[in-house]
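Everything on this sheet refers to the single structure shown next.
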Amino acid sequence: MNGAAPAPADDLLVRVEDVEKAFHRGEEVIHVLRDLHLTIPRGEFLALMGPSGSGKSTLLNLLGGLDRPTRGRVIVDGRRIDRLSDRQLAAWRARHVGLVFQFYNLLPVLTAERNVELPLLLAPLTRVQRRRHVAAALGIVGLSHRARHYPRQLSGGEQQRVGIARALVTDPSLLLCDEPTGDLDRRSGDGILDLLQALNREHGKTIVMVTHDPHASARATRVVHLDKGRLGTEAPP
Amino acid sequence: MKYLPLVWAGLRRRKLRSLLTLLCILVAFVLFGYLCAIGRAMDQGASVAGADRLMVRHRVSITQPLPVSYKARIERIPGVALVAHFSWFGGIYREPGNFFPQMAVEPGPHLAMYPEYLLPEDRRQAWLATRTGAIAGRRTAEKYGWKVGDRIPIQATVWRRMNGDTTWEFDLVGIFDGAKPETDTTGFFFRYDCLDEGRLFGKGIVAWYTVRVSNPEEAADVARRIDEEFANASAETKSETEGAFLRGWARQIGDISTILASVLGAVFFTILLVAGNTMAQSVRERTCEIGVLKALGYTHAGVLSLVLAESCLLSVLGAAGGLAVASVLVAAGDPTRGAMPMFHFPAADVLAGLGWALALGVVAGLLPALHAMRLRVADALRRT
Ligand SMILES: Nc1ncnc2c1ncn2[C@@H]1O[C@H](COP(=O)(O)OP(=O)(O)O)[C@@H](O)[C@H]1O
Ligand SMILES: [Mg+2]
């Protein structure tokens, strides 16, 4: 989509402009992303593919405000998040993005519902309101009956659903998923992909999903390839 | 408050480790509470001294007796308002461990000298009327379940009776209370005439005199006059204010307080390391989780507070348990089985203990909390 006909500005949820990201490892400087441009319209389900080490997670971190670019602009929903302070970024993340991780990253000592509640603790909500949001999110991922279970009592697919519920519970417009099916068998993975697709179609979530798996990227509305820090595009299937 | 489950979960992660740390802290605070009570009991003396009372004792040592005949001579010295005397008895009630002070005194002057001992008037009259009568302080009476009218047998360790017997029996005619909470109510007092007439040897001696001066400002002069009066007598005297006497006593105790403080210091330093180590390990194991929390929108400061809260929760829980155990132990009695007149654990010390616990929690948690605070999200998450 890089350089394609520009969509109207407010239809673009994400604009990445001229981004460069380098890491310093001692003396050595590793240029992970360079001259990177990417726009993501609202309502898109974007699959981000590329070989291991190509910078997919790094890009996702920039989109999610977990890290800042070395150069360039990252604009999400009209706000330049590369300019925000750590504290502002934290507040921004809490409200505007949902993150889904390959290894679920649930807190093992908390039940499913407590895990899902975590981002809500930061919002000015009463206990009753939090309960209601948590129940709704668990309902969407189809895990209402597992609310009181601890992560170790759940299958991988179920844990990932809890992870997705946690990402959804604050009702963010942007969901960022880093290899969400990477640790799952085909069947559970398909379930997760069905869920993401439904979230995209029925709930209007804009989703960016990093994946290795062509089977997974086939569910996306668009696929982009990242290689050696640059993007290449592929038509949707 | 809404973060409490999250903080609590941090402690539940490694139950055994948390429990062991908790126990360490608990034991330290049992020690804290117990040593506080001992420390309190030891400085009690100095604060109950009467400014207008002199102690007159043998110049060589308090263990050397003075003749009872000195009483009349002291009474004649200008500035002296009242004279009472004490004689040690040092007997055993039932078993050697039952310690409480037993003293032979003259009821009238004794009660006049110590208005802080509250004895009902009819009991006073009964004591004056009963040669074998004795009064006991509330603490001792309650400890042994004595009631007025009981006969209290005491085995003499020194004062054999005229008939060769060592058992003295006293009739409990009254129980006195303290005017103030710090008043010592462990004493057992019986009549000097009963002792002196009944004992086989050592007649006519007393352990020391207590003298009330008419004007507290002249106390030093009166003390000097008393000592001059007996300057060349068979037993020379040393007179000083009760306060000075107790201060001299307290100075020896002062060293003990220093020792107590250093023991506590060492104990606290140790649990600081134990608790600090627990928190450091716990945070290190959770690097990724802390990254997740930050990714979800928790700020650096928020994560810092969570870790500190966890550390404080651990130490306050341990301290609360320890202080509770300490107060049970203190209530059960002092380690000398009665030698410490005021053995208690006041609310102020409990609060101080909880304050120390909070401080401990903050200090122990500080480095791990700062470490958690400084973790960058992206780096922490890469360590999955
Ligand atoms: N915080 C970091 N410090 C140093 N190097 C990093 C850091 N994050 C990523 N990298 C490097 O950047 C490159 C891309 O990493 P990543 O974005 O995780 O790749 P991908 O997710 O596509 O497998 C890798 O070579 C990785 O070693
Ligand atoms: Mg990656």
Side-chain angles (χ1 to χ4, degrees), chain A residues 21 23 32 57-58 60-62 64-68 85-111 113-127 129-130 150-151 163 166-167 169-170 172 176 178-179 182-183, chain B residues 1-19 21 278-279 281-307 309-311 313-314 369-384:
Chain A
K21 179 68 182 173
F23 291 107
V32 179
S57 296
T58 302
L60 215 59
N61 285 347
L62 296 182
L66 301 176
D67 207 350
R68 293 191 195 80
S85 70
D86 276 8
R87 170 178 283 273
Q88 289 169 320
L89 266 183
W92 179 84
R93 285 196 298 270
R95 300 197 44 197
H96 298 283
V97 281
L99 298 161
V100 177
F101 307 92
Q102 178 176 359
F103 299 107
Y104 334 125
N105 283 346
L106 303 177
L107 269 55
V109 283
L110 297 180
T111 58
E113 59 181 1
R114 290 279 190 206
N115 266 289
V116 174
E117 193 188 16
L118 281 176
L120 291 180
L121 294 177
L122 300 167
L125 295 174
T126 65
R127 176 203 287 264
Q129 289 170 316
R130 292 200 301 270
Y150 285 90
R166 182 177 65 187
V169 75
T170 54
L176 303 174
D178 198 345
E179 307 198 32
D183 201 46
Chain B
M1 260 303 133
K2 60 184 174 181
Y3 294 104
L4 195 62
L6 185 54
V7 172
W8 181 239
L11 294 178
R12 276 201 343 232
R13 168 180 326 261
R14 290 256 189 278
K15 289 201 187 68
L16 184 61
R17 183 176 66 197
S18 297
L19 198 68
T21 308
T278 296
M279 288 311 299
Q281 280 187 23
S282 161
V283 165
R284 217 176 304 123
E285 290 163 3
R286 271 188 283 174
T287 300
C288 179
E289 282 178 31
I290 288 166
V292 172
L293 286 179
K294 289 189 175 183
L296 295 178
Y298 285 69
T299 58
H300 297 312
V303 168
L304 175 97
S305 317
L306 283 176
V307 175
E310 185 177 324
S311 172
L313 181 64
L314 181 67
L370 284 173
H371 173 75
M373 182 178 100
R374 294 202 189 106
L375 278 177
R376 295 184 56 254
V377 198
D379 293 341
L381 283 176
R382 279 170 64 83
R383 294 200 220 165
T384 347

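These values consider heavy atoms only, across backbone and side chains, with no hydrogens, waters or symmetry-generated copies. Each chain gets a letter, A, B and so on, in the order the sequences are listed, and its residues count up from 1.
- Using a 4.5 Å heavy-atom cutoff, the side chains of B:Tyr3 and A:Leu122 are in contact.
- Remark: the backbone N or O of A:Pro119 is not paired with any side-chain donor or acceptor of B:Tyr298 at under 3.5 angstrom.
- The CZ atom of A:Phe23 sits 8.0 Å away from atom CG of B:Asp379, with the distance rounded to the nearest 0.5 Å.
- Looking at A:Arg166, only its side chain comes within 4.5 Å of chain B, counting heavy atoms on both sides.
- Both the backbone and the side chain of A:Leu121 come within less than 4.5 Å of a heavy atom in chain B.
- Considering only residues two or more places apart in sequence or on other chains, B:Glu289 meets the side-chain hydrogen bond (donor to acceptor under 3.5 Å, both in side chains) condition with B:Arg13.
- Between B:Cys288 and A:Asn105, the closest heavy-atom pair is SG-OD1, 3.7 Å.
- Rounding to the nearest 0.5 Å places NZ of B:Lys2 at 11.5 Å from CZ of A:Arg127.
- Using a cutoff of 4.0 Å between basic side-chain nitrogens and carboxylate oxygens, A:Asp86 and B:Arg376 are not scored as salt-bridged.
- Within the 4.5 angstrom heavy-atom criterion, no atom of B:Arg286 approaches chain A.
- Chain B forms more heavy-atom pairs under 4.5 Å with one residue of A:Thr58, A:Leu107, A:Thr170 than with any other, namely A:Leu107.
- Across A:Val97, A:Val109, A:Asn61, the residue that shares the most heavy-atom pairs under 4.5 angstrom with chain B is A:Val109.
- No more than 12 heavy atoms of other residues, nucleotides or ligands shown are found within 6.0 angstrom of CZ on A:Arg95.
- Here the side chain of A:Arg93 pairs no donor or acceptor atom with the backbone of B:Leu296 at under 3.5 angstrom.
- When side chains are defined from C-beta on, B:Leu6 counts as touching A:Leu118, because their heavy atoms get closer than 4.5 Å.
- The side chain to side chain donor-acceptor pair (under 3.5 Å) pairs that include a residue from residues 114-125 of chain A are A:Arg114-A:Glu117, A:Glu117-A:Arg130, where partners are two or more places apart or lie in different chains.
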